[in-house]
Each structure stands twice: as C-alpha cells, then as structure tokens.
Amino acid sequence: PRQFDNPSQDATLAATFVAPSGRSVSISGFWDGGNDWRVRFAPNEEGAWRYQLQLSDGQGAQVANATGDFTCTAALDETVFDQHGPVRLADHKCHLEHADGTPFFWLADTAWNGPLLSTAAEWDQYLETRVRQRFSAVQWVATQWRAAPDGDVEGQLAFTGSERVAINPAFFQRLDSYVERNAAAGLLNVPVMLWAIGSGANPTIDPGFGLPEDQAIVVARYMVARWGAYPLAWILSGDAKYVGDYAERWRRIGRAVFGDQEHAPVAVHCGGTHWPAEEFREEPWLDILGYQSGHGDSDSTLEWIVKGPPAQEWDKTPRLFQLNLEPAYENHVAYHSKQPLSPHTVRMATYWSLLNAPTAGVSYGGHGVWGWDNGTAPSTDHPNSGVPLPWQQALTMPAAEQIAYLAKFFTTIPWWTLSPAPELLIEQPGEQDVHHYVSVSTSDKGDLLVAYMPMGGTMRLDATQLKEGLTGSWCNPRTGARQAAIALVPSGVATFTAPDNEDWLLILQNPSGG
C-alpha cells in the first residue's frame, strides 16, 4: 500500500516459516520493483508449512503483513539437488556435501562475465558444453565490476550511487533466469557478490572496494534475499588481499550479511598467492577459504602450491576448509614467461591443488570464457592477459575438455577419503625441480592411493606402509585412457615407472570395493 523513495534502504520484509516439525526459519524478502515485494524459500520437510510476512519501514513501523500456509511434497528428482538437497560444508570441514550427506565434488568453471554479457541462447550453449565436460559448479560475478564496468549485455547496472545505493531490480530479474537454468542443469551457482580488488582503469567500479561498508552490506543482503533459496555457494568478496584493517572490514561485512540467518556455504576469494587463514579462522560465517594460485609459471609460484600454505596449513585447528578457486587460466599470458599458459601447466596446478590437502575439488578457468570475449582484444581492463580465443572456441580448449577425464577419475573412487601422504615417498622427485613434484594422497583405511606425476619418470613408495592386495592403474589426464600399473617391489620399496614423460595419475585401490 505504500511506495518508498529507495525501497531497499527504506523498508525491510521479514518472513518466518514454520515447518511441520515445528522448527522456525526466519529469512528476509526483497523489493522487486514497483510495489512488488517477494520472498523466496526452499522448504526441506514434507508436509504442511505456515508462514508470516511483515513489511516494515525504516523506523520499524509495520506497513503490511500477511500469513498463509502451503504443503511441501517430495522432490521431483530432476537434478542432483532435487535428489540429494542443497550443498553445505561437512561437519569435519574436509569437503562439501549435500543435505543428505552425499559428498559433493567441487569442479567449478570460471565464467565471471558469462551471465552478465551472454544472451540466453549463448548461455544455453555454454551450459550444454560444461555439463558434457562434467563440471559441477559455475563461478560468476553478480554486479558491474572492473571487467564489465558497463553492467550487463543490456547496459543495466546492479545498483547506482555510492553513499546511498539504489538497487536496480531489472538487472537482477534478468539474472534470475541464469540462476534457475544453472540449477536445472545440475550446476551449483557460485556468484561473486562484491568484487574487491580495486585496481585498473576505474578502481571504484568494484563494489567491494568502492562502496562504503554499510552500502556493500545492503547490496550483498539483497542478493541473499533474492537467490538464497537456490542451490549455491556464495563468494562474498573477490580478488582482495585481506590484511590489517581491510581484513577487519570484511569480517564485519561477513557478520552483517550472514551472521543472523541460515545460509549456503560462504567463501572469500583471495588475490594471487595470498593466504589470510589466521584473519578468518575464527569467523563462524565463513565456510571456504578460496585461495588463488594465480597465473604465474615461475618455480616459486608452482612451489607455493605444493610446498606453501595450501599444502602445509590445511590441518591447523580450528580447521579452515580451503579450495583453489583460481589456478592458472588456460591460454592466459603467464606473469613470468609472458607465454600463454599451456594445458600442461593448467593440469599441474589443478591436480596438485586436488591432492595438496584432503581432496574436495578445484576450479578451472579458460581465457576467453571468463571475460566472455569475442577474440579481438584482451579482456576488459586486463591488457596484459593476451588476446583470447572467442568464448565459443575457448569453451573447448584442451584442458577444459580434459576436465571430463578428471571428473571421471575422481568421482568413480571414494575421493572424500583422501588426504596427503607425502611420507610414503622414498624420495621426492620434485626437490630439485618443482616440475617433477609428485603429490600422493591415501585414504584413511589405506585401501586407496592416488599420486600425480607431472613429468612421468619413476616414483618409489614405501611398500611397508601400503596395504596388501592393492591393484594399480595408470590414468592419462590428457586422453582419459587407463592401463595397468605394475610395481617392482624389492626390499620393501614399490617402484612405479610412468608410461612416458608426460603427466600421469597413479591409482592403487582395493578391487573388492575400495
């Protein structure tokens, strides 16, 4: 019955849902333009639900209210989320899982600009390709930012203003269909709420950097209200270095956005080789430390993945779950060699990241896809990244196609039982040259071992620590082919020699079911 000058700032819609069990859930609604206010909610119990809605003005006075009820029936089992429920962090904080406890293997594609700049038909093409390649999630940016300063393909901005932002519902209404289609395709939505690097031609275009703290909270809370009912994981802030007062700023924002309600998993996305674990270890709203090994190809960059914090600090307590959300982008010009990053370099960063901590998943990025580029110039505000292929061609670059093999390798074994076991190596081939660094992980029962050899050669394992009865196979991450792996085992040492000098996965497992 009442209009507001700035509805998202001047009014709040509170919703309370009561489950058949009597459990109460409180969430926020959102303004959707004109006099339209909406609530989106995903019930998780079958039976009769009741709800109460209350719209209040900025002084807390009630403007409108409503009550009602509905019946929740069984899911239709059309997607993995229908079958197993939304995604959450497991209690042991070693991997993600669905609501029914089924492990969720994070294999995310980086399509930062995809939903912003694609047409509906283009996005359908994207989804068809990434589903075929067996991705399980898609990372994308949900506002204007440094690589899309003009907003979406229609020129719409998520918000205008700075000191007192005005939300633009039309921008988010268009993205609703992308959120829905991603979920229907079985891909977990992973939107970046507030890109925060604050560099480039217009640093303040990144909302996580340019907006005052209270206004950044307004924008982020609007997204939670609008999309929180869908299967997703949030990236609160993108590409920032969380140190000192800046880290405290993000702790306050995280608490304000997520601290008073149930929510999907929340990540922070860090700048290259930045590791702010101690800054966030005690934050209850944060589920994922999303680190970035980045787009360098120097020895020190590669060593950071296998010898640095990701490999050394994963078992500190209280445990902080980690994922590499931005390893080397395929075909992106490397920071050090100034050459396009090869599929082999991408595979090294990917497989090392899967095995340098308890196996949980990893993200992939392809130059041309993340910027939704047409192939005529470097991505917007990234002049040193190189001219990419058009996004249509970049979708099927070699390492992207090889993701399907990675997914098959890991999802056909109990990957969630794997933890690093470098002590099994008699010697580490990568001590002298990091390009030969062998990563080894085993299951807690010892009935499964996975090792990645980036340059082939010979690997020697302590056979006295291996469970009897294991059978071996070589898995080719370039072709998906498998072949038997035979070890020579004299004097308690199991020696495996890779089929050639390319990269290989070795899998030892118990044929009875391990």
Side-chain angles (χ1 to χ4, degrees), residues 273 293 296-316 324 327-328 344-359 362 406 409-410 413 415 417-478 482-510 514:
T273 63
S293 59
D297 57 357
S298 66
D299 286 358
S300 62
T301 299
L302 301 180
E303 287 175 352
W304 188 86
I305 304 175
V306 296
K307 299 181 181 180
Q312 298 298 322
E313 299 188 15
W314 59 266
D315 58 350
K316 283 189 174 181
N324 192 348
H344 180 255
T345 301
V346 173
R347 291 195 304 273
M348 283 198 303
T350 300
Y351 282 96
W352 280 339
S353 299
L354 280 167
L355 299 173
N356 66 0
T359 298
V362 69
L406 184 157
F409 293 154
F410 280 91
I413 60 175
W415 54 266
T417 66
L418 293 172
S419 292
E423 68 277 4
L424 294 181
L425 287 168
I426 300 298
E427 68 272 324
Q428 172 55 258
E431 284 300 332
Q432 302 303 316
D433 182 354
V434 68
H435 293 83
H436 291 266
Y437 195 94
V438 175
S439 292
V440 181
S441 287
T442 60
S443 64
D444 50 1
K445 296 180 180 178
D447 54 1
L448 175 66
L449 178 146
V450 177
Y452 176 66
M453 302 178 68
M455 303 293 286
T458 297
M459 174 174 53
R460 300 170 69 227
L461 297 173
D462 183 353
T464 65
Q465 297 189 57
L466 297 178
K467 195 169 185 177
E468 293 185 4
L470 300 181
T471 61
S473 60
W474 291 108
C475 302
N476 188 328
R478 291 153 281 129
R482 288 182 180 239
Q483 60 189 81
I486 307 299
L488 299 176
V489 193
S491 304
V493 176
T495 301
F496 292 88
T497 301
D500 58 36
N501 291 327
E502 299 288 339
D503 55 333
W504 287 87
L505 275 180
L506 173 68
I507 298 182
L508 306 180
Q509 60 188 133
N510 187 329

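None of the values given here were measured: they were computed from a predicted structure.
At least one side-chain heavy atom of H435 sits less than 4.5 Å from a side-chain heavy atom of L302. Counting only heavy atoms from C-beta outward, the side chains of P358 and P420 approach each other to under 4.5 Å.
Minimum interatomic distance between H344 and P454 (heavy atoms only, all atoms of both residues): NE2-O, 2.8 Å. Heavy atoms only, all atoms of each residue included: Q428 and H436 are closest at OE1-O, 4.0 Å. Closest approach of T495 to T458, counting heavy atoms only: CG2-CG2, 3.4 Å. For S443 against D447, the heavy-atom pair with the smallest separation is OG-OD1, 2.7 Å. Between N476 and F409, the shortest heavy-atom distance links the atoms O-CZ, 3.5 Å. Closest of all the heavy-atom pairs between A463 and A494 is CB-N, 3.9 Å.
Under the side-chain contact (heavy atoms from CB on, under 4.5 Å) criterion, Q432 pairs with no residue, sequence neighbours left out. D500 meets the side-chain hydrogen bond (donor to acceptor under 3.5 Å, both in side chains) test with W504; sequence neighbours excluded.
Rounding to the nearest 0.5 Å gives a distance of 7.5 Å between CG of L406 and CG of L505. Note that CG of L506 is 13.5 Å distant from OH of Y452, once rounded to the nearest 0.5 Å. The CG atom of L466 sits 6.5 Å away from atom CG of L449, with the distance rounded to the nearest 0.5 Å. To the nearest 0.5 Å, atom CD of residue E502 and atom CE of residue M453 are 12.5 Å apart. Atom CE of M348 and atom CG of D503 lie 8.5 Å apart (nearest 0.5 Å). Taken to the nearest 0.5 Å, the CD1 atom of I486 stands 11.5 Å off from the OG1 atom of T497.
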Distance-only donor-acceptor hits, side chain of residues 349-356, under 3.5 Å, sequence neighbours excluded:
unit_1: T350; atom_1: OG1; unit_2: V346; atom_2: O; d: 2.7
unit_1: W352; atom_1: NE1; unit_2: Y437; atom_2: O; d: 3.1
unit_1: S353; atom_1: OG; unit_2: N324; atom_2: ND2; d: 2.9
unit_1: S353; atom_1: OG; unit_2: A349; atom_2: O; d: 2.6
unit_1: N356; atom_1: ND2; unit_2: Y291; atom_2: OH; d: 3.3
unit_1: N356; atom_1: ND2; unit_2: I305; atom_2: O; d: 3.1

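Atom CD of E468 is surrounded by 12 or fewer heavy atoms from other residues, nucleotides or ligands within 6.0 Å.
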Kindly determine whether I426 and D462 satisfy side chain to side chain contact (heavy atoms under 4.5 Å, CB included), including the steps that lead there. CA-CA 6 Å; I426 300 298; D462 183 353; 4.0 Å; yes

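Applying the side chain to side chain contact (heavy atoms under 4.5 Å, CB included) test between L448 and each of N510, L470, L418 identifies L418 as the sole match.
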